[in-house]
Amino acid sequence: MPAPTSPADLFRHGLRLLLDKDIPAWVALWDEDGVMEFPFAPHGWPRRLDGRQAVAAYMQHYPDHIDLHAFPDLRILETAEPETIVVEMRGIGRVVQTGAPFDMTYIAVVTVREGRITSYRDYWNPLAAAQPGTDITRSTR
């Protein structure tokens with residue numbers, strides 16, 4: 001597959017990697033100094049990950065907790081800054097431990113420079129994670 005040529009293409013490619021559970025390839029899309037932030041993270045959950053290695057450690061066991069099936073309702077919006085996109089989406093699948101449905105809404109603000117993710121602000125819904133049967137461990141967030 002040719003290298004993604006735009007932030008939107010890179011993001012779509014990253015979603016495909018997450019669905020394929022290829023976390024190492026997803027992490028490889030990150031800049032060495034990339035930052036991932038979770039502005040709505042509840043108390044006790046990480047709010048910021050600094051660097052590719054921190055992102056890798058955080059995501060390493062994600063497929064053991066969440067079995068993603070699709071990202072319906074994907075909307076990628078361009079901004080006045082060509083390197084930055086705003087993404088609206090849902091992630092659906094199941095919670096591995098319980099088998100319960102997983103259905104999470106997200107808004108993300110993503111910046112890509114020189115073909116690598118440098119900033120990813122993930123405005124996920126912590127209220128959905130707290131619903132009975134959808135509890136996901138802190139190691140995934």
Side-chain angles (χ1 to χ4, degrees), residues 1-131 133-141:
M1 172 181 195
T5 57
S6 72
D9 289 342
L10 183 75
F11 192 85
R12 283 186 193 93
H13 178 64
L15 292 180
R16 180 79 251 155
L17 294 171
L18 290 174
L19 291 174
D20 291 344
K21 298 168 185 36
D22 191 347
I23 301 305
W26 185 82
V27 170
L29 300 177
W30 283 76
D31 183 80
E32 187 66 33
D33 298 318
V35 174
M36 188 171 207
E37 297 176 275
F38 306 100
F40 296 154
H43 177 74
W45 293 34
R47 291 192 180 273
R48 181 181 170 108
L49 305 170
D50 289 298
R52 183 188 302 151
Q53 292 308 315
V55 172
Y58 174 80
M59 291 294 292
Q60 178 180 359
H61 298 291
Y62 192 89
D64 298 334
H65 301 285
I66 304 298
D67 179 18
L68 289 169
H69 298 161
F71 290 101
D73 308 324
L74 176 66
R75 291 186 62 210
I76 298 177
L77 308 168
E78 295 182 5
T79 71
E81 298 178 30
E83 297 173 322
T84 300
I85 56 174
V86 175
V87 180
E88 298 176 78
M89 66 181 179
R90 281 176 54 216
I92 60 171
R94 70 177 181 87
V95 178
V96 173
Q97 184 176 9
T98 65
F102 177 84
D103 191 340
M104 181 72 70
T105 56
Y106 303 86
I107 292 179
V109 179
V110 181
T111 301
V112 174
R113 290 197 177 93
E114 298 179 10
R116 298 275 183 236
I117 299 169
T118 58
S119 174
Y120 191 124
R121 286 189 313 277
D122 186 354
Y123 295 88
W124 64 284
N125 182 357
L127 297 176
Q131 296 299 313
T134 60
D135 185 38
I136 54 177
T137 69
R138 290 185 178 152
S139 65
T140 63
R141 281 277 164 221

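Numbers here simply count residues along the sequence, with the first being 1. All values reported here derive from a predicted model rather than from experimental measurement. Reckoned from all heavy atoms, side chains included, excluding hydrogens, waters and symmetry mates.
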Exercise. CD/Glu88 to CG/Asp73 distance, rounded to the nearest 0.5 angstrom?
Worked result: 9.5 Å

Exercise. Does atom CD of Glu81 have more than 12 heavy-atom neighbours from other groups under 6.0 Å away?
Worked result: no

Exercise. Any side-chain heavy atom of Glu83 within less than 4.5 Å of one from Thr111?
Worked result: yes

Problem set entry | Side-chain heavy-atom pair Pro24, Asp22 within 4.5 angstrom cut-off | yes

Exercise. Would Ile85 and Phe11 count as a side-chain contact (heavy atoms from CB on, under 4.5 Å) if you check the C-alpha gap in whole Å, the side-chain angles of each, and the deciding distance to 0.1 Å?
Worked result: CA-CA 9 Å; Ile85 56 174; Phe11 192 85; 3.9 Å; yes

Seminar exercise, completed: Output for pair (Met36 CE, Arg121 CZ), nearest 0.5 Å, gives 12.0 Å

For this session: Apply the test side-chain contact (heavy atoms from CB on, under 4.5 Å) to residues His61 and His65: give CA-CA distance (whole Å), side-chain angles for both, the deciding distance (0.1 Å), then the verdict.
Result: CA-CA 7 Å; His61 298 291; His65 301 285; 4.1 Å; yes

For this session: For the residue pair Tyr123 and Val109, establish whether any side-chain heavy-atom pair is separated by less than 4.5 Å.
Result: yes

Exercise. CD of Glu78: more than 12 outside heavy atoms within 6.0 angstrom?
Worked result: no

Problem set entry | Heavy-atom side-chain proximity of Tyr120 to Val35 below 4.5 angstrom | no

For this session: Report yes if the distance between the aromatic ring centroids of Phe38 and Tyr58 is under 6.0 Å, otherwise no.
Result: yes

Exercise. Ion pair present between Arg90 and Asp103, side-chain N to carboxylate O less than 4.0 angstrom?
Worked result: yes

Seminar exercise, completed: When rounded to the nearest 0.5 Å, the distance separating OG1 of Thr84 from CG of Leu77 is 12.5 Å

Seminar exercise, completed: Between Ile23 and Met59, the two heavy atoms sitting closest are CG2-O, 3.6 Å

Exercise. Do you know the tightest heavy-atom contact between Ile76 and Ala8?
Worked result: CG2-CB, 3.7 Å

Exercise. Between Trp124 and Ala41, what is the shortest heavy-atom contact and its length?
Worked result: CZ2-CA, 4.3 Å

Problem set entry | Salt bridge present between Arg48 and Asp50 (N-O < 4.0 angstrom) | yes

Problem set entry | Qualifying residues under side-chain contact (heavy atoms from CB on, under 4.5 Å), relative to Val96, sequence neighbours excluded | Asp67, Arg94

